[in-house]
Amino acid sequence: MWNTVKLVVLGLVALFAAIAANYGRDLSYQVHAVIIMFVAAGLFIWTLRRFDEPVAVANPNEYLDGPIRAGAIATAFWGAVGFLAGVFIAAQLAFPVLNFEWAQGYANFGRLRPLHTSAVIFAFGGNALLCTSFYVVQRTSAARLFGGNLAWFVFWGYNLFIVLAATGYLLGGTQSKEYAEPEWYIDLWLTIVWVAYLVVFLGTIMKRKEPHIYVANWFYLSFIVTIAMLHIVNNLSIPVSIFGSKSVQVFAGVQDAMTQWWYGHNAVGFFLTAGFLGMMYYFVPKQAERPVFSYKLSIIHFWALIFLYIWAGPHHLHYTALPDWASTLGMVFSVILWMPSWGGMINGLMTLSGAWDKLRTDPIIRMMVISIGFYGMSTFEGPMMSIRAVNSLSHYTDWTIGHVHSGALGWNGMITFGALYFLVPRLWNREKLYSLSMVNWHFWLATIGIVLYAASMWVTGIMEGLMWREVDAQGFLVNSFADTVAAKFPMYVVRALGGVMYLTGALIMCYNLWMTVRAQPKVSDEPAMVPAE
């Protein structure tokens with residue numbers, strides 16, 4: 001019966017997608033309709049071929065690790081893709097000739113830049129959050145993932161969203177909202193996938209065999225729920241046509257700007273902070289083989305962060321049409337956020353009390369510790385840059401770019417690398433990683449790459465801000481915009497070099513993980529279900 005329903009649904013989706021491809025009003029919509037048609041038709045054939053096969057009954061006493069393995073592979077793959085795109089657009093800014101004219105605009109900076117940000121944040125970071133949250137919630141709840149194969153739907157559905165979003169950017173299908181570029185039909189699909197994600201995660205917690213809900217799950221759950229709310233409200237739009245990608249935003253003017261940065265800052269706050277703090281609270285204690293320094297501090301840190309972060313978005317709109325009181329409110333909450341953010345950093349670092357010697361011998365824990373250090377630095381720099389007087393110098397300059405990347409590459413990237421190094425041997429039942437020496441090389445390449453990137457952007461950003469405000473005795477601006485662009489050239493080259501080093505480290509990691517699975521001897525299988533750990 002269930003296979004019959006799936007066949008009917010997949011057949012209808014494939015049929016409607018074929019009609020949509022024929023009547024599509026723009027290239028992006030047509031390409032997406034063709035992609036959906038092939039996906040639905042392929043699943044239709046696959047389901048039909050397995051129609052009479054007996055349904056395998058899952059063992060409720062075994063963890064469901066298949067989607068986690070797939071998520072780990074996708075995380076490494078999308079990370080390499082996203083970093084490569086970032087290196088290329090950094091080179092384009094230094095050498096504009098790389099905006100190839102023969103590519104008809106499909107490979108210029110304007111289209112590749114959102115491709116890079118989405119690949120790194122949502123493809124690399126999103127898959128990291130999916131696979132680690134599924135791993136952590138099972139191990140800390142001593143329960144199999146809820147919903148049967150629903151976790152597989154979440155994984156494949158989310159990666160279909162990534163493919164649709166990425167191709168849309170290249171083909172010009174975008175609603176031009178920072179971190180929320182995909183058009184209306186892609187947003188609808190992501191909403192369905194995200195609700196399924198919430199059902200799997202929350203259902204697993206509800207059927208847990210442990211009375212206690214470990215703090216990492218609090219952070220993961222807050223990230224899932226809040227991102228759902230942000231996504232729905234910020235993407236409220238009315239399609240121009242059912243057969244076209246373009247849509248009209250429900251909000252307009254300063255209300256749209258306010259909604260966008262309420263979304264944008266909290267995408268950073270919950271997607272890139274709360275979710276990754278869940279990662280920190282599980283993998284750092286596990287790798288250090290030490291308990292969390294202070295469980296009480298973790299709870300205080302959680303509630304303070306959750307209540308404060310949601311108010312901080314308006315500081316992105318200083319000196320705009322937004323009323324001063326609103327941007328000042330955002331600034332005040334941003335400054336207050338410094339305290340709970342550092343509470344999390346202190347808790348993570350102090351978890352190593354009694355185990356600091358591991359920094360000499362374990363490059364994985366070294367990677368995790370430096371990620372926490374970058375988290376602390378970024379969560380100090382962000383509130384400082386939200387202060388109106390500082391923001392008047394920093395906003396619209398490369399200082400902001402340096403700040404974002406020190407957090408994204410240092411905090412999000414490094415903790416994800418550490419988590420992958422922890423997960424892969426365990427997910428594939430391997431005795432150990434293929435090479436700790438390669439992890440060490442990865443650590444130093446990534447760290448030096450981040451320092452080069454962030455330092456060059458700090459220098460050029462402050463220089464840029466000072467050049468823009470320099471006036472002569474008559475009050476006229478001294479420097480043209482072209483003057484500032486020319487002055488930044490050396491630092492743009494340094495930034496690209498830092499990106500190359502970071503990308504090289506990630507490629508070394510991919511090879512190391514591949515060889516871990518392929519060449520390392522397999523150990524005896526892990527017990528089917530163990531007490532929560």
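In this structure, Q138 contributes its side chain and L64 its backbone to a donor-acceptor pair below 3.5 Å. Using a distance-only test at 3.5 Å, with no hydrogens or angles considered, a donor-acceptor pair links the side chain of W342 to the main chain of G376.
Residues satisfying the side chain to side chain donor-acceptor pair (under 3.5 Å) criterion with R366, sequence neighbours excluded, are N440.
Relative orientation of the W218 and F302 rings is perpendicular, given thresholds of 30° and 60° on the angle between their planes. A parallel orientation is assigned to the rings of W152 and W156, their planes being inclined by less than 30° (bins at 30° and 60°). A parallel orientation is assigned to the rings of Y135 and F283, their planes being inclined by less than 30° (bins at 30° and 60°). Relative orientation of the F333 and W311 rings is parallel, given thresholds of 30° and 60° on the angle between their planes. F219 and H301 have tilted rings, their planes meeting at an angle from 30° to 60° on a 0 to 90° scale. Ring pair H405/Y453 is parallel by interplanar angle, where below 30° counts as parallel and above 60° as perpendicular. Note: Y197 and F201 have perpendicular aromatic rings, judged against thresholds of 30 and 60 degrees for the angle between ring planes. Under the 30°/60° scheme for interplanar angles, the aromatic rings of W194 and Y158 are found to be tilted.
Side-chain atoms of Y282 and T140 include no donor-acceptor pair closer than 3.5 Å. In the model, D256 has no side-chain atom that pairs as donor or acceptor with a side-chain atom of T259 under 3.5 Å. Under 3.5 Å, the side chains of H32 and T167 contain a donor-acceptor pair of N or O atoms. A donor atom on one side chain and an acceptor atom on the other are found under 3.5 Å apart for S247 and E183. In summary, the side chains of N235 and Y263 do not present any donor paired with an acceptor at a separation below 3.5 Å, with no hydrogens or angles considered. Side-chain atoms of H265 and H316 include a donor-acceptor pair closer than 3.5 Å.
The local environment of OH in Y492 is crowded, with over 12 non-hydrogen atoms from other residues, nucleotides or ligands closer than 6.0 Å. No more than 12 heavy atoms of other residues, nucleotides or ligands lie within 6.0 Å of CZ in F307, so this atom counts as exposed by the packing criterion.
Of the candidates V500, L452, L93, T460, R495 forms a side-chain contact (heavy atoms from CB on, under 4.5 Å) with just one, namely L93.
Ring to ring, F83 and F124 are close: their centroids are under 6.0 angstrom apart. A ring-centre distance under 6.0 Å is not found for F270 and Y179. F153 and W189 have their aromatic ring centers within a separation under 6.0 angstrom. Proximity of the aromatic rings of F271 and H231 is defined here by a centroid distance below 6.0 angstrom, and this criterion is not met.
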Let me see the working for K488 and D398 under salt bridge (Lys or Arg N to Asp or Glu O under 4.0 Å), right down to the final yes or no. CA-CA 10 Å; K488 292 188 295 182; D398 287 331; 3.4 Å; yes
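Smallest separation of non-hydrogen atoms from S241 and W184: O-CZ2, 3.7 Å.
E464 contributes atom CD, which lies 11.0 Å from atom OG of S394 (distance to the nearest 0.5 angstrom).
Under the 6.0 Å distance and 45° angle rule, R388 counts as a cation-pi partner of Y319.
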